[in-house]
Amino acid sequence: MKPAPFDYVRPDDVPAAIRALADGDVIAKVIAGGQSLGPALNLRLAQPERLVDIRRIGALGEVTETADSVLFGACITHAAIEDGRVPDATGGFMQRVAMDIAYRAVRTRGTIGGSLSHADPAADWISALTLLSAVVVIEGPEGRREVGIEDFVTGPFDTQLGPADILVGVRIPRLSARARWSYYKFCRKPGEFAEAIAAVLFDQNRGISRAVIGATNGAPHVIAQADFLTKGFDAAQAHAAVDASGAGDDPYERQVHFAALQRAASQLAAVQA
């Protein structure tokens, strides 16, 4: 199939993009890398009347560093993170996640902002940035606002973005030099979306012992106090966490998410040893 007919605009800056989206006479949608939206257009699962291409807006490809965080522009690609062409506040965690997203061709075009806006529960950045307590920066007709990622993602393929809102960046808190992390995902074959994701972070200097269960039927499930993963492995508590994530209703889903959590904990233990 081919996409339904649509108008195409490529604004020079964010305000112009917002105006193009805010035109109430047409149904408009943002496109950046197009790695998720492109197939949806071809299958006619998405049929916007106007595409607003933000890929060449310079400000959305910038990185701003402070002592406490790094702000990534929404149009920074997975490949740029994988290749270390942008600063990493996470001691290699973001590079590790980026290098395992789909295939290189997808990583070259796909963007961090596009992935978050799409909010596919099986995508990597949703789970990874939830582990890091990232903050999403949104611009719209009412101005700029910042939203914690746990509040930004409201469900599968659902976020706080309004019809004329654009995700312009994501702020990543810096991990301490002693922070340790692990990231495990289960796919039936390389390049596919994950069937289960588990990520664990232990940053003792900042008092963080945290984990995330991803690729469930909803938003990533946060384990705010994850000592049972960062200071050993407690199978009973791990099973309880999987059940709380909503992945415990089906026996296969329960087991595969439990195994992912167990392997993420094992990875962390190996790093700390």
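In what follows, residues are counted from 1 in the order of the sequence shown.
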Under 3.5 Å, sequence neighbours excluded: what are the donor-acceptor pairs made by side chains of residues 232-240?
| unit_1 | atom_1 | unit_2 | atom_2 | d |
| --- | --- | --- | --- | --- |
| D234 | OD1 | A236 | N | 3.1 |
| D234 | OD1 | Q237 | N | 3.0 |
| D234 | OD2 | Q237 | NE2 | 3.4 |
| H239 | ND1 | A235 | O | 3.4 |

query: Can you check whether V97's main-chain N or O pairs, donor with acceptor, with K185's side chain at less than 3.5 Å?
result: no
- prompt: Within a strict 4.5 Å, meaning less than it, do heavy atoms of the D88 and I81 side chains meet?
  reply: no
- line: So salt bridge (Lys or Arg N to Asp or Glu O under 4.0 Å) across residues 58-72, not counting sequence neighbours, yields E65-R174
query: Are side-chain N/O atoms of S127 and T130 paired as donor and acceptor at under 3.5 Å?
result: no
query: Remaining members of L41's ILVMFWY cluster at a side-chain heavy-atom cut-off under 4.5 Å?
result: F6, Y8, I31, L37, L51
message: So, using side chain to side chain contact (heavy atoms under 4.5 Å, CB included) as the criterion, who are the partners of R145 when residues are at least two apart?
response: I138, V147, D165
- prompt: Between I197 and A122, which heavy-atom pair has the shortest distance, and what is it?
  reply: CD1-O, 3.9 Å
ILVMFWY cluster membership beyond L71 - transitive side-chain contacts under 4.5 angstrom: V9, V14, I18, L21, V30, V52, I54, I57, L60, V137, I166, V168
- request: Please tell me if the side chains of I76 and T111 come closer than 4.5 Å, counting only heavy atoms from C-beta onward.
  value: no
field: 4.5 Å side-chain heavy-atom contact, I172 and T90
entry: yes
message: Less than 4.5 Å apart, side chain to side chain, heavy atoms only: is that true for V70 and T64?
response: no
query: Who pairs with A102 by side chain to side chain contact (heavy atoms under 4.5 Å, CB included), at least two apart in sequence or on another chain?
result: V106
field: Where at least one partner belongs to residues 212-227, residue pairs that pass side-chain hydrogen bond (donor to acceptor under 3.5 Å, both in side chains), sequence neighbours excluded
entry: S209-D227
message: Which residues pass the salt bridge (Lys or Arg N to Asp or Glu O under 4.0 Å) test with R104, not counting sequence neighbours?
response: E82, D83
- prompt: Got a donor-acceptor contact below 3.5 angstrom from the Q35 side chain to the G33 backbone?
  reply: yes
message: Contact between L175 and R206 at the side-chain level, heavy atoms closer than 4.5 Å - yes or no?
response: yes
message: Using a 3.5 Å distance criterion without hydrogens, assess whether the side chain of Q47 forms a donor-acceptor pair with backbone atoms of R44.
response: yes
query: Does the side chain of I213 reach to within under 4.5 Å of the side chain of V242, using non-hydrogen atoms?
result: yes
query: Among pairs that include at least one residue of residues 175-184, which meet side-chain hydrogen bond (donor to acceptor under 3.5 Å, both in side chains), considering only residues two or more places apart or in two chains?
result: D124-Y183, S176-D203, Y184-R263
query: So do R210 and S133 actually touch side chain to side chain, heavy atoms under 4.5 Å?
result: yes
message: With salt bridge (Lys or Arg N to Asp or Glu O under 4.0 Å) as the rule and sequence neighbours excluded, what pairs involving residues 10-36 come up?
response: D23-R50
task: Using the ring-ring contact (aromatic ring centres under 6.0 Å, His included) rule, collect all pairs that involve residues 148-171, keeping only residues at least two apart or in two chains.
output: H118-F157
task: Kindly determine whether E195 and Y252 satisfy side chain to side chain donor-acceptor pair (under 3.5 Å), including the steps that lead there.
output: CA-CA 11 Å; E195 291 194 30; Y252 171 79; 2.8 Å; yes
- prompt: Which residue pairs pass the salt bridge (Lys or Arg N to Asp or Glu O under 4.0 Å) test when at least one of the two sits in residues 246-257, sequence neighbours left out?
  reply: D243-R254
query: When you look at D7 and V26, which way does the side-chain contact (heavy atoms from CB on, under 4.5 Å) test go after all the steps?
result: CA-CA 10 Å; D7 184 25; V26 298; over 6 Å; no
message: Show the nearest heavy-atom pair for residues V200 and A265, with the distance to one decimal.
response: CG2-N, 4.4 Å
message: Let me check something: do I149 and F72 share a hydrophobic cluster, defined by ILVMFWY side-chain heavy atoms less than 4.5 Å apart, either directly or through other members?
response: yes
query: Heavy-atom distance under 4.5 Å between the side chains of N42 and P39, does that happen here?
result: no
